[in-house]
**Student:** 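Okay, handing you the structure first.
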Protein chains: 2
Amino acid sequence: MAKPGAMSRAATAPALDSLDFALDRGSPVPLYYQLARQLEEAIEHGVLAPGNLLGNEIDLSIRLGLSRPTVRQAIQTLVEKGLLVRRRGVGTQVVHSQVKRPLELSSLYDDLEAAGQGPATRVVRNETVPASADVAAALSVPEGAEVMLLERLRLTHGQPVALLCNYLPAGLLALDSDRLESTGLYRMLRTAGITLHSARQTIGARRATAEEAARLDEQEGTAVLTMQRTAFDDTGRPVEYGTHIYRASRYAFDFQLLVRP
Amino acid sequence: MAKPGAMSRAATAPALDSLDFALDRGSPVPLYYQLARQLEEAIEHGVLAPGNLLGNEIDLSIRLGLSRPTVRQAIQTLVEKGLLVRRRGVGTQVVHSQVKRPLELSSLYDDLEAAGQGPATRVVRNETVPASADVAAALSVPEGAEVMLLERLRLTHGQPVALLCNYLPAGLLALDSDRLESTGLYRMLRTAGITLHSARQTIGARRATAEEAARLDEQEGTAVLTMQRTAFDDTGRPVEYGTHIYRASRYAFDFQLLVRP
DNA sequence: GAGTGGTCTAGACCACGCT
DNA sequence: GCGTGGTCTAGACCACTCA
């Protein structure tokens with residue numbers, strides 16, 4: 001009982017038979033997505049345990065009244081999320097634990113989420129300034145052109161954690177400081193109709209300057225994490241450039257990588 | 001002419017008409033993959049310029065003698081790579097530059113590639129040791145159990161860049177120091193039939209200890225980048241745990257994120 | 001040899017963005 | 001309204017794994 005690994009590797013079609021998936025053909029939500037979502041929940045809730053086989057796709061599609069491609073599409077999204085593994089001639093099984101929650105890329109999402117609600121943010125500066133050389137290069141604007149500068153201090157539990165300095169092309173959107181403190185930059189971009197597509201990041205380390213240390217409540221010379229990021233929208237135009245400094249004693253980048261075959 | 005953005009946004013079916021894709025139905029390589037590969041090359045070589053529309057999927061499939069789902073599958077893989085963007089009612093177009101080469105996740109791949117050939121690696125220790133508490137927890141083995149310890153120094157241009165300390169479950173594979181210096185750990189894992197599935201990483205910063213500084217040719221107290229990583233195989237079992245230290249003055253993590261809708 | 005996922009086809013209807 | 005991608009169907013054959 002207490003011995004892990006004592007049971008044989010994979011039970012054939014375990015609790016899956018008794019699972020009833022509720023598919024609503026009237027819903028605007030795609031069927032494959034409804035199925036994927038419910039499979040994901042079953043895995044999260046442990047109804048489908050790690051190592052369990054899913055049963056073959058054809059049976060599944062018959063049982064669910066779906067076509068096989070639709071079922072495959074549902075499974076595929078979970079494979080891409082790292083929750084399921086497909087093997088030819090074997091079947092589809094739930095990944096053996098470990099890989100679960102913090103799937104998404106993160107780093108960007110960390111900040112996305114965090115900016116959304118959790119930690120507090122204090123806007124220190126919010127104004128337009130002429131672009132310096134590096135900012136101009138990152139945003140593809142002429143040097144000296146007006147850009148928006150946004151400087152924020154992020155805190156958790158009343159303690160400063162990071163110093164965020166962001167630059168955006170002038171006139172991209174209205175940056176209301178109050179909304180920024182409660183809503184976060186990326187959410188504001190999205191509601192302004194700007195759909196992010198990709199971002200390039202560099203993470204490094206160095207010692208804090210006296211001013212940085214003071215702002216972060218640390219001693220001069222402590223090690224800090226640095227990050228520069230340029231974010232691009234759908235069309236490939238840069239929409240944001242940021243230079244961030246994180247207090248290494250209170251913050252680390254934590255994320256999960258999926259190895260694509 | 002020199003004015004960017006002067007041309008209208010997207011030419012309808014530009015050079016694509018004259019592109020001849022060579023699809024070999026006899027090849028074991030899937031058709032969708034052959035097509036994806038050739039589209040990708042066309043984009044890389046600038047035959048398909050950023051902003052160009054691809055022409056609708058149905059015409060494409062007819063022209064190529066493929067079914068629409070197959071063409072979609074090809075396009076889909078490039079969308080996931082960030083090279084193409086699909087818009088309803090508009091079409092599929094090449095992403096506006098910027099996003100190109102260093103697409104893959106990296107960090108892991110950095111090291112994968114780097115370990116493969118580029119920089120030199122010197123194996124400092126290669127032996128079995130009893131697992132300490134943190135190692136035991138990461139590898140899911142009892143504390144004190146034998147594990148392989150691998151300590152390497154990585155150099156570029158004759159300069160030390162990183163101190164890599166890795167732990168693997170005992171008996172997982174034979175670790176030949178010579179091969180490790182020329183082939184890299186991850187490549188050895190793969191050739192040993194171990195297929196990596198995912199990894200959890202934490203990137204932080206701190207000041208170097210005297211010993212670390214000496215090994216990295218730095219002064220005591222410099223800021224260094226730290227990374228801990230646990231890698232899992234297909235079945236979710238941990239196969240490797242690493243604690244790495246990078247010289248911040250010579251190394252930074254550089255990667256690209258794709259924002260999934 | 002039996003069973004699995006991997007690929008592929010030839011249609012269909014719908015939702016959305018544009019003009 | 002028209003054209004686009006988004007979804008879905010009901011089949012088919014192949015390649016691989018395992019007993």
Side-chain angles (χ1 to χ4, degrees), chain A residues 8-13 16 21 23-37 39 52-80 84-94 193 195 234-235 260-261, chain B residues 8-13 16 23-37 39 52-80 84-95 193 195 234-235 260-261:
Chain A
S8 85
R9 264 311 177 69
T12 319
L16 187 62
F21 296 101
L23 298 173
D24 177 8
R25 296 192 101 91
S27 162
V29 178
L31 290 172
Y32 79 89
Y33 189 82
Q34 293 183 38
L35 177 55
R37 205 63 204 77
L39 278 170
N52 279 175
L53 282 171
L54 221 61
N56 78 56
E57 298 170 347
I58 300 186
D59 286 355
L60 238 185
S61 64
I62 294 175
R63 282 231 323 281
L64 297 173
L66 296 174
S67 70
R68 188 187 165 204
T70 303
V71 171
R72 273 184 69 79
Q73 196 174 357
I75 292 177
Q76 185 59 30
T77 67
L78 297 188
V79 169
E80 275 161 14
L84 297 176
V85 183
R86 288 208 249 223
R87 297 174 205 269
R88 255 193 210 192
V90 180
T92 303
Q93 50 185 322
V94 179
T195 58
D234 262 45
T235 70
R260 310 231 162 262
Chain B
S8 85
R9 262 311 176 68
T12 318
L16 186 62
L23 298 174
D24 176 8
R25 296 189 105 91
S27 162
V29 178
L31 290 171
Y32 79 88
Y33 190 82
Q34 294 183 37
L35 177 54
R37 205 63 204 80
L39 278 171
N52 279 175
L53 282 172
L54 221 60
N56 77 57
E57 298 170 347
I58 300 187
D59 286 354
L60 238 185
S61 65
I62 294 174
R63 281 232 323 280
L64 298 174
L66 296 174
S67 71
R68 189 186 166 204
T70 302
V71 171
R72 272 184 70 77
Q73 197 174 356
I75 293 177
Q76 185 60 30
T77 67
L78 297 188
V79 169
E80 275 160 13
L84 297 176
V85 184
R86 290 209 248 226
R87 296 175 205 268
R88 261 193 207 194
V90 179
T92 303
Q93 50 185 320
V94 180
V95 160
T195 57
D234 262 35
T235 70
R260 311 231 160 263

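All chains are named by letter (A, B, ...) in the order of the sequence lines, taking the proteins before the strands, and each is independently numbered beginning at 1.
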**Student:** Does the side chain of B/Arg72 get closer than 4.0 angstrom to OP1 or OP2 of D/dG6 through an N or O atom?
**Tutor:**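 Yes, within the criterion.
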**Student:** CD of A/Gln76 versus P of C/dG6: gap in Å, rounded?
**Tutor:**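 My rounded result for the distance is 8 Å.
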**Student:** Considering only heavy atoms from C-beta outward, does the side chain of B/Arg87 approach that of A/Asp234 to under 4.5 Å?
**Tutor:**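 B/Arg87 vs A/Asp234: side chains touch.
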**Student:** Please give, in whole Å, the distance from D/dT4 P to B/Leu60 CG?
**Tutor:**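 One finds 11 Å between P of D/dT4 and CG of B/Leu60, rounded.
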**Student:** Establish whether the base of C/dG6 is bridged to the side chain of A/Arg87 by a donor-acceptor pair shorter than 3.5 Å.
**Tutor:**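 Flag unset: no donor-acceptor pair detected.
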**Student:** Between P on C/dC8 and CZ on A/Arg68, what's the gap in Å once rounded to a whole number?
**Tutor:**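 Answer to the nearest Å: 13 Å.
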**Student:** Looking only at side-chain N and O atoms, does B/Thr92 come under 4.0 Å of OP1 or OP2 in D/dG5?
**Tutor:**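 For B/Thr92, the contact criterion (side-chain N or O under 4.0 Å from OP1 or OP2 of D/dG5) is met.
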**Student:** For the residue pair A/Leu23 and A/Leu64, what are the closest heavy atoms and their distance?
**Tutor:**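 A/Leu23 and A/Leu64 have their closest heavy atoms at CD1-O, 4.1 Å.
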**Student:** Supply the atom-to-atom distance A/Asp24 CG to A/Leu31 CG, rounded to the nearest 0.5 angstrom.
**Tutor:**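 That separation rounds to 8.5 Å.
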**Student:** Residues of residues 26-37 of chain A with any non-hydrogen atom less than 4.0 angstrom from an atom of DNA chain D: list those, numerically ordered, please.
**Tutor:**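 DNA chain D contact set from residues 26-37 of chain A: A/Pro30, A/Leu31, A/Tyr32.
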**Student:** Given that A/Pro69 and A/Val90 both sit by DNA chain C, which one's nearest nucleotide is further toward the 5' end?
**Tutor:**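 Result of the comparison: A/Val90.
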**Student:** Using atom CD1 of A/Ile58 as one end and atom P of C/dG6 as the other, report the distance to the nearest whole Å.
**Tutor:**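 These atoms are roughly 12 Å apart.
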**Student:** Which pair of heavy atoms, one from B/Val95 and one from B/Val85, lies closest together, and at what distance?
**Tutor:**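 Smallest heavy-atom distance, with atoms named: CG2-CG2, 3.1 Å.
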**Student:** Could you pick out which residue, A/Ser67 or A/Gly89, lies toward the 5' side of DNA chain D when each is mapped onto its nearest nucleotide?
**Tutor:**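 Its nearest nucleotide lies further toward 5', so the answer is A/Ser67.
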**Student:** Is there a donor and acceptor pair, one atom on the side chain of B/Arg88 and one on the base of D/dG3, closer than 3.5 Å?
**Tutor:**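 Donor-acceptor pair under 3.5 Å: no.
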**Student:** Round to the nearest Å and state the distance from A/Leu53 atom CG to C/dG5 atom C1'.
**Tutor:**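 Whole-Å distance recorded here is 12 Å.
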**Student:** Closest-nucleotide mapping onto DNA chain D: is A/Gly65 or B/Glu57 further toward the 5' terminus? I mean the 5' end.
**Tutor:**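 Comparing both residues, the 5'-ward one is B/Glu57.
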**Student:** Begin with the C-alpha distance, continue with both residues' side-chain angles, and end with the deciding distance and a verdict on side chain to side chain contact (heavy atoms under 4.5 Å, CB included) for A/Arg25 and A/Leu66.
**Tutor:** CA-CA 10 Å; A/Arg25 296 192 101 91; A/Leu66 296 174; 4.0 Å; yes
**Student:** Ignoring backbone atoms, test whether A/Arg25 places a side-chain nitrogen or oxygen under 4.0 Å from the OP1 or OP2 oxygen of C/dC13.
**Tutor:**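 No, because none of the side-chain N or O atoms of A/Arg25 sits under 4.0 Å from OP1 or OP2 of C/dC13.
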**Student:** Check whether any side-chain N or O of A/Thr70 sits under 4.0 Å from OP1 or OP2 of D/dT9, and answer yes or no.
**Tutor:**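 So the side-chain polar atoms of A/Thr70 do come within 4.0 Å of the phosphate oxygens OP1 or OP2 of D/dT9, strictly under.
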**Student:** Looking only at side-chain N and O atoms, does A/Arg86 offer a donor or acceptor that is under 3.5 Å from a partner on A/Gln93?
**Tutor:**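 Per modelled atom types, A/Gln93 and A/Arg86 side chains form no pair under 3.5 Å.
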**Student:** Side-chain contact, heavy-atom cut-off 4.5 Å: A/Tyr33 with A/Thr77?
**Tutor:**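 When only atoms from C-beta onward are counted, A/Thr77 and A/Tyr33 do not touch, as no gap falls below 4.5 Å.
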**Student:** Are A/Asn56 and C/dT4 close enough that a side-chain N or O sits under 4.0 Å from OP1 or OP2?
**Tutor:**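 Indeed, a polar side-chain atom of A/Asn56 lies that close.
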**Student:** Nearest whole Å is fine: how far is D/dT7 P from A/Gln73 CD?
**Tutor:**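 Computing the A/Gln73:CD to D/dT7:P distance gives 6 Å.
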**Student:** Establish, with yes or no, whether the OP1 or OP2 oxygen of C/dG6 is under 4.0 angstrom from a side-chain nitrogen or oxygen of A/Arg86.
**Tutor:**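 So the side-chain polar atoms of A/Arg86 do come within 4.0 Å of the phosphate oxygens OP1 or OP2 of C/dG6, strictly under.
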**Student:** To the nearest Å, give me how far apart CD (A/Gln93) and P (C/dG5) are.
**Tutor:**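 Atom-to-atom, A/Gln93 to C/dG5, this comes out as 11 Å.
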**Student:** Round to the nearest Å and state the distance from A/Ile75 atom CD1 to C/dG5 atom C1'.
**Tutor:**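 After rounding, the reported distance stands at 9 Å.
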**Student:** Quick check: does any side chain N or O of A/Gln34 sit under 3.5 Å from a backbone N or O of A/Val29, one acting as donor and the other as acceptor?
**Tutor:**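 Side chain of A/Gln34 to backbone of A/Val29, a donor-acceptor pair under 3.5 Å: yes, one is there.
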